[in-house]
Amino acid sequence: MSLVLDVMLALAVIGVAGWTLLVRGNFPAVIGFVAYGLLLALVWVRLGAVDVALTEAALGAGATGVLLLFAVVRLRGGKAEIDAATPSPPQRVAAAILCGVVGLGLAVAMLNLPDPAPSLAAEATRHLPLLGVGNPITGVLMAYRGLDTLLEAVVLVFAVLAIWSMAPDRRWGAIPGPLFPVQSSGPLSLLARVLPPIGIVVGIHIAWVGADAPGGKFQGGTILAAMGILAWVAGLWRLPPVASRGLRWAVVAGPLVFIGVGLLGFVIADGFLSYPPGFAKPLILLIEAAMTLSVAAAIVLMVAGPPERPA
Amino acid sequence: MAEALLLAAGLIFLAALAGLYRALRGPGAADRMMAAQLLCSGGIAALLLLAAATGLAGVVDVALVLALLGAFASVAFVLAARGLGQR
Amino acid sequence: MEATPGGFLLVLMLVVPVTGLLLGFALGGRLAERMALWLLPPGLAMAAVLVAGLLHAKAPVVAFVGGWAPPLGLALRADGLAAAMLLTTALIIAAIALFARADYTTAPGAPEARAPLAFWCFLLALWAALNAAFLGGDLFNLFVALEMLTFGALALACLDGKATQFKAELRYLLFALIGSVLYLLGTVLLYGAYGTLDILLLAEAARADAPTIVAASLMTVGLLGKMALFPLHLWLPAAHAGAPPAASALLSGLVVKASYVLLLRLWFWVMPAALLLAVAPILALLGAAAILFGSLVALRQARLKLLVAYSTVAQIGYLFLMFPLVAGSAAEVAERAWTGGALQAISHAFAKAAMFLAAGVIARALGHDRIAELQGAARIAPLSVLAFGLAGLSLMGIPPSGGFSAKWLLLQAALDSGQWWWALVIVAGGLLTGGYVFRVLSAAMQGRSAPIFPLAPVDAAQERVALGLAVISVLLGLLPLGAFGLVLIGR
Amino acid sequence: MNLFLTLFSGAAITAGVAFFIAGTVALLRFPDPLSRLHALTKADSLGLGLIVLGLLPWAGGWLAALKLILVWLLVLLAGATATQMIAEHIRRSEPPP
Amino acid sequence: MIFGVTGAALVALGLYGLVTQPALLRKILAFNLLGGGVFLLFGVVARRGAVADPVPQALVITGLVVAFAATALALVLVLRLFQITGAATIAEDKTPP
């Protein structure tokens with residue numbers, strides 16, 4: 001039964017991916033992409049990677065989908081130009097052969113990986129009691145490979161600033177993103193009032209349980225961001241202008257706390273990002289809390305885009 | 001019991017996939033959005049059944065996230081479709 | 001491999017610029033600029049101390065972040081090559097910061113403006129990313145570092161907000177993203193095959209089996225795309241020439257070198273020797289093609305900045321000639337070729353940064369960068385033309401200059417290992433480089449008598465910075481060769 | 001007791017699956033968008049509700065049960081609002097003949 | 001292993017789309033499809049041992065966040081290009097400036 005389910009899933013994922021590539025029209029393509037993300041989340045559950053499934057559902061399908069969708073609405077390219085940029089059939093055949101070779105090479109390589117598979121699973125689990133957390137993935141993200149996570153948190157700040165800096169000069173200091181009319185009644189207004197309180201609880205829950213169960217800052221932060229975006233598109237929440245210091249501190253708070261705790265390690269433990277015995281879990285939770293806030297702020301700002309209307 | 005739950009999950013998933021056919025055909029944006037919605041609620045149902053069948057921790061949370069963001073995505077779709085219509 | 005004392009220095013080299021960027025962004029306005037300028041001295045000092053420590057101990061410095069040893073944890077390693085690149089980075093970043101003060105300053109009390117804030121923040125960001133890319137000991141950590149580098153480079157290159165920039169940088173972004181994905185595919189296969197992504201641990205374990213070969217080819221193509229080796233150079237000229245001068249200098253001088261160092265690590269550390277022997281001639285062949293093609297196209301350019309950018313395409317080619325000369329040669333020849341390659345990377349970084357800054361000053365003063373109409377440039381911006389010329393000497397490989405030492409070492413290694421054909425390429429490349437540098441200089445020297453008025457006043461401080469970088473690229477050739485023993489530490 | 005619960009769950013889940021399949025058939029076969037919409041949302045919110053009902057006895061703890069119910073409520077809410085918005089969209093874009 | 005082959009197929013598909021799609025938006029979409037395939041391979045590698053390996057899973061989470069940031073950045077570039085010139089591709093200009 002599980003095998004049948006897996007084969008079905010695999011075929012569906014490939015089918016939806018192909019359809020997303022080939023369909024005419026950008027709007028259906030984005031719907032296809034969201035469906036693709038949803039199916040991938042199911043695949044991740046089948047692979048037993050619930051943490052990743054959560055991230056894929058929230059970030060891969062949800063946030064990326066909305067990002068793409070907003071872009072579709074604002075982009076309507078000229079037909080002639082598209083034709084001019086379309087590769088000729090021979091070029092396409094060449095590309096297809098090349099990509100086929102890459103895919104085939106990958107498949108061969110995957111099928112020839114050594115058996116038994118080398119794995120760090122035992123090693124990663126062995127040190128968990130030292131950290132006081134129950135979820136090995138949190139152990140990897142926050143301790144063993146903490147530097148990766150720190151750099152990735154900084155990448156989000158990079159992205160926000162880079163997106164802002166694409167704005168025209170005269171718009172600097174303005175409010176990010178387009179303006180949505182206030183919805184005082186109707187279904188959107190209802191949803192934007194009812195859903196965020198629930199979403200915020202769920203988001204914090206997902207971020208909080210991350211230490212011991214699947215979840216964590218990126219997943220929880222994305223849900224919080226989605227609720228913010230919902231309130232924003234319903235006109236119920238005005239985004240602060242990019243000149244707002246509070247907004248900027250919200251974006252950098254997570255990475256700064258991360259670095260601060262890391263540097264504290266020089267004083268109270270064995271060096272950067274090392275946690276003293278017994279204090280690992282509270283410190284990790286502190287970082288996660290600050291990071292959840294910053295991830296949420298960064299994602300809202302990335303979806304909103306560069307500043308475009310006067311404060 | 002677990003096998004039966006998996007079977008149910010598979011059936012629902014198959015149904016949702018068949019619904020996706022509507023998204024392939026269209027004709028209107030509305031039909032595509034409906035198909036996506038069906039895939040989302042089908043996915044949630046399949047996840048809940050999977051969670052019960054495998055006992056894997058946190059799978060219900062994935063369903064919860066899908067439910068939350070599914071609502072959110074539907075709204076975004078309609079807003080976007082509206083924006084396309086107006087221009 | 002054990003962690004060594006002094007490892008905290010490596011961590012600080014990442015954390016200090018990152019913290020500066022975060023605080024600069026949050027505080028905004030004039031404080032972002034202050035933050036960047038304040039951090040230059042400590043940054044330079046850390047790089048200098050690291051190099052001195054390495055020369056003293058004759059061994060790499062290693063840090064295990066959080067105290068977790070690989071394969072579970074992440075290692076930061078500074079061997080000689082990394083230390084040399086870190087010092088180069090610190091010097092060039094400092095020079096560019098001084099150069100950019102004239103363009104991106106915020107007057108006290110003035111409201112925050114877009115370009116200055118973005119410039120100073122991303123200068124620090126690129127610094128952090130470059131340090132991470134040179135120090136990283138783990139292939140996935142290096143992936144994150146490369147992504148940081150791409151984002152930072154992209155933002156700096158688009159700083160003027162011109163449509164041509166957006167177009168050129170989008171093309172760059174697409175190449176960079178494909179490159180990243182191919183690289184990432186390689187890492188997943190390597191993890192699947194060996195259960196670690198640590199470079200040294202992989203080096204001990206690597207076999208020449210199917211997953212490894214596929215991984216190596218994917219990663220190599222990805223990195224070659226990121227560093228624009230012929231024929232994957234299509235994105236580079238427009239992206240580098242279109243950026244503001246300070247950004248062009250960073251992109252051409254330093255950013256491509258990060259992928260290069262990573263490629264060296266991949267082939268000379270991770271991959272088994274048998275694979276390396278098979279691939280090295282192919283890489284060098286592409287390098288030779290890049291030298292000849294890039295130089296010929298540079299010779300035919302009508303615009304100064306595009307000429308400099310095509311010169312980068314050509315000079316990147318030299319970096320690949322060292323592969324067959326190091327692989328499978330006698331120890332002494334290999335050392336010479338290795339030093340030559342590393343020195344080429346470093347001296348090109350200084351020379352190309354100087355050239356782009358000088359070209360920026362000239363273009364600003366004249367209001368255009370058409371080579372045919374450069375008459376009088378030597379009178380309006382004499383120091384910049386001098387800087388361009390000196391940097392050109394280094395690129396040509398005229399003694400005494402860093403470029404000469406580099407090319408001489410490669411030439412010798414080519415002759416000693418019996419691969420004389422690479423020597424021919426080096427000589428031909430030098431002649432062609434002479435051709436395009438001379439073309440610019442002769443145009444700039446003309447028009448001594450006709451009155452000429454600069455469109456914008458020439459900033460003397462900017463000229464001096466460009467000249468300073470050019471002088472360093474020349475002075476590198478006066479250092480005794482023994483000083484470059486640094487790049488052999490930990491090889 | 002246990003047997004009863006199992007039977008109950010089995011029945012509820014089977015009914016839920018049936019509703020899902022019915023919803024799909026409706027989506028595929030009904031002639032116009034509005035009737036498809038009508039059939040679809042009823043089918044999948046009811047179908048999911050039945051499945052949640054069937055799984056409740058096995059949830060293991062009131063918190064887990066609450067979570068299941070929350071999932072269902074969210075889908076109901078989403079279905080209700082999104083359907084109304086889609087319907088509005090259909091009305092706007094395709095005026096009835 | 002089913003998903004291993006699936007991942008490889010997705011990579012091939014995404015790469016093909018990234019290279020051949022003319023419109024920038026569709027290229028970015030293809031990049032995301034491609035990313036999904038790459039991450040799937042990580043998941044398969046994590047799954048091969050007797051116990052699921054958390055390290056590749058953690059790498060995927062990091063990778064997903066980075067890919068999201070890259071997508072956001074690319075889309076803003078596309079949008080700005082479109083706002084200034086009305087172009088939705090990066091085809092070479094017919095007449096050099």
Side-chain angles (χ1 to χ4, degrees), chain A residues 6-7 10 13-14 17-18 20-21 26 29 33 36 40 43-44 47-49 51-52 55 59-60 63-64 67-68 71 74-75 77 81-82 84-87 92 95-96 99-100 102-103 106-107 110 117 119-121 124 136-137 140-141 145 148 152 155-156 159 162-163 166 218 302 305-306, chain E residues 1-17 19-23 25-26 28-30 32-33 36 39-41 43-49 51-55 57-58 60-62 64-66 68-69 71-73 75-80 82 86-89 91:
Chain A
D6 285 355
V7 171
V13 170
I14 295 176
T20 305
L21 275 182
N26 292 337
F33 176 73
Y36 172 78
L40 274 187
V43 172
W44 284 110
L47 285 170
D51 285 272
V52 184
T55 319
L59 203 59
T64 310
L67 201 62
L68 287 164
R74 308 178 77 186
L75 277 172
E81 190 204 12
I82 298 274
T86 307
R92 263 187 282 182
C99 298
V102 170
L106 271 177
M110 289 300 289
S119 162
L120 292 173
I137 293 180
V140 176
L141 284 175
R145 300 184 68 99
D148 271 355
E152 166 198 18
V155 165
L156 287 179
I163 286 170
M166 306 286 169
F218 293 116
M302 279 192 257
Chain E
M1 266 305 120
I2 299 168
F3 291 127
V5 177
T6 309
L10 290 178
V11 168
L13 265 176
L15 215 49
Y16 175 75
V19 176
T20 58
Q21 289 277 1
L25 184 86
R26 302 301 289 270
I28 296 172
L29 213 72
N32 275 289
L33 294 176
F39 297 136
L40 198 54
L41 294 180
V44 173
V45 162
R47 195 62 201 160
R48 290 180 67 241
V51 192
D53 188 346
V55 175
Q57 296 184 9
V60 172
I61 294 179
T62 305
L64 273 168
V65 176
V66 172
F68 175 76
T71 306
L73 198 55
L75 282 175
V76 170
L77 273 174
V78 175
L79 203 61
R80 289 289 294 143
F82 177 71
T89 69

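Not measured: the values here are computed from a predicted model. To find a chain, count down the sequence lines: A is the first, B the second, and so on, and within it residues start at 1.
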Participant: Got a second to check how far A:Leu59's CG is from E:Ile61's CD1, nearest 0.5 Å?
Facilitator: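 Result: 10.5 Å between the selected atoms.
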Participant: Which bit of E:Ala9 is near chain A, if near means a heavy-atom gap under 4.5 Å: side chain, backbone, both or neither?
Facilitator: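 Contact with chain A involves the side chain of E:Ala9 alone.
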Participant: Please look at E:Leu13 and chain A and tell me whether the side chain, the backbone, both or neither of the residue comes under 4.5 angstrom of a heavy atom of that chain.
Facilitator: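 Interface part for E:Leu13: both.
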Participant: With only heavy atoms counted, which part of E:Leu77 is less than 4.5 Å from chain A, the side chain, the backbone, both or neither?
Facilitator: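 E:Leu77 touches chain A through side-chain heavy atoms alone.
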Participant: Please state whether the side chain, the backbone, both or neither of A:Ala49 comes within less than 4.5 Å of a heavy atom of chain E.
Facilitator: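 It is both, since atoms from each part get that close.
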Participant: Going from CZ on A:Arg74 to CG on E:Leu75, what distance comes out if it is rounded to the nearest 0.5 angstrom?
Facilitator: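 Taking CZ in A:Arg74 and CG in E:Leu75, the distance rounds to 11.0 Å.
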Participant: How long is the span from the CG atom in A:Asp6 to the CD1 atom in E:Ile2, to the nearest 0.5 Å?
Facilitator: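 Answer for the CG-CD1 pair, A:Asp6 versus E:Ile2, is 5.0 Å.
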Participant: Less than 4.5 Å to any heavy atom of chain E: does that hold for the side chain of A:Leu47, its backbone, both, or neither?
Facilitator: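 Contact with chain E is through both the backbone and side chain of A:Leu47.
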Participant: Out of A:Ala107, A:Gly100, A:Ser119, A:Ala63, which one racks up the most heavy-atom pairs below 4.5 Å with chain E?
Facilitator: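 Option with the top pair count is A:Ser119.
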Participant: Using heavy-atom distances under 4.5 Å, tell me whether A:Val102 contacts chain E through its side chain, its backbone, both, or neither.
Facilitator: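 Contact with chain E: side chain only.
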Participant: I'd like to know which of A:Val43, A:Leu21, A:Asp51, A:Val140 tops the heavy-atom pair count under 4.5 Å against chain E.
Facilitator: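 Most heavy-atom pairs within the cutoff with chain E belong to A:Leu21.
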Participant: When only pairs under 4.5 Å are counted, which of E:Val11, E:Val5, E:Leu79 shares the most heavy-atom pairs with chain A?
Facilitator: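 When all of E:Val11, E:Val5, E:Leu79 are compared, E:Leu79 has the most.
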Participant: Go through E:Thr62, E:Val44, E:Leu15 and name the one with the most non-hydrogen pairs under 4.5 angstrom from chain A.
Facilitator: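 Looking at each of E:Thr62, E:Val44, E:Leu15 in turn, E:Thr62 comes out on top.
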Participant: Select one option (side chain, backbone, both, neither) describing which atoms of A:Ile14 are under 4.5 Å from chain E's heavy atoms.
Facilitator: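 Both the backbone and the side chain of A:Ile14 come within 4.5 Å of chain E.
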Participant: Do any N or O atoms from the side chain of E:Arg80 and from the backbone of A:Met166 form a donor-acceptor pair under 3.5 angstrom?
Facilitator: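 Confirmed, E:Arg80 side chain pairs with A:Met166 backbone.
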Participant: Measure the spacing between CE of A:Met110 and CG of E:Leu40 and express it to the nearest 0.5 Å.
Facilitator: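 Here the rounded value is 8.5 Å.
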Participant: How far apart are the closest heavy atoms of A:Ala124 and E:Pro54, and which atoms are they?
Facilitator: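 It is CB-CG, 3.7 Å.
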Participant: Name the member of E:Leu73, E:Val78, E:Val66 that forms the most heavy-atom pairs with chain A at distances under 4.5 Å.
Facilitator: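 If we count pairs closer than 4.5 Å to chain A, E:Leu73 comes out on top.
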Participant: With a 4.5 angstrom heavy-atom cut-off, is it the side chain or the backbone of E:Phe3 that approaches chain A, or both, or neither?
Facilitator: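 Just the side chain, heavy atoms under 4.5 Å.
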Participant: Based on non-hydrogen pairs under 4.5 Å, which of A:Val13, A:Leu67, A:Leu106 is most in contact with chain E?
Facilitator: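 Counting heavy-atom pairs under 4.5 Å, the top option is A:Leu67.
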Participant: Counting only non-hydrogen atoms closer than 4.5 Å, does E:Leu10 touch chain A with its backbone (N, CA, C, O), its side chain (CB onward), both, or neither?
Facilitator: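 Side chain of E:Leu10 only, per the 4.5 Å heavy-atom cut-off to chain A.
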Participant: Is there a side-chain contact between A:Val52 and E:Phe39 (heavy atoms, below 4.5 Å)?
Facilitator: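 Not in contact.
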Participant: So which part of E:Gln21 gets closer than 4.5 Å to some heavy atom of chain A, the side chain, the backbone, both or neither?
Facilitator: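 The side chain, not the backbone.
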Participant: Count the heavy-atom pairs under 4.5 Å between each of A:Leu40, A:Val155, A:Thr64 and chain E, then report the option with the highest count.
Facilitator: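 Between A:Leu40, A:Val155, A:Thr64, the count favours A:Thr64.
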Participant: Tell me, side chain or backbone of E:Val55 under 4.5 Å from chain A's heavy atoms, or both, or neither?
Facilitator: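 Both parts, heavy atoms under 4.5 Å.
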Participant: What is the distance from atom CZ of A:Phe33 to atom CG of E:Asn32, rounded to the nearest 0.5 Å?
Facilitator: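 Reported to 0.5 Å precision, the distance equals 4.0 Å.
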Participant: At a heavy-atom separation under 4.5 Å, does E:Arg26 approach chain A through its side chain, its backbone, both, or neither?
Facilitator: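 Just its side chain gets close to chain A.
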Participant: Taking all non-hydrogen atoms of both residues, which atom of E:Gln57 and which atom of A:Gly48 are closest, and how far apart?
Facilitator: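 Of all heavy-atom pairs spanning E:Gln57 and A:Gly48, the closest is NE2-O, 4.3 Å.
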Participant: I'd like to know which of E:Thr20, E:Leu33, E:Thr6, E:Leu64 tops the heavy-atom pair count under 4.5 Å against chain A.
Facilitator: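 Winner by heavy-atom pair count: E:Leu33.
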Participant: For E:Val65, which atoms come within 4.5 Å of any heavy atom of chain A: side chain, backbone, both, or neither?
Facilitator: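 The answer is both parts of E:Val65.
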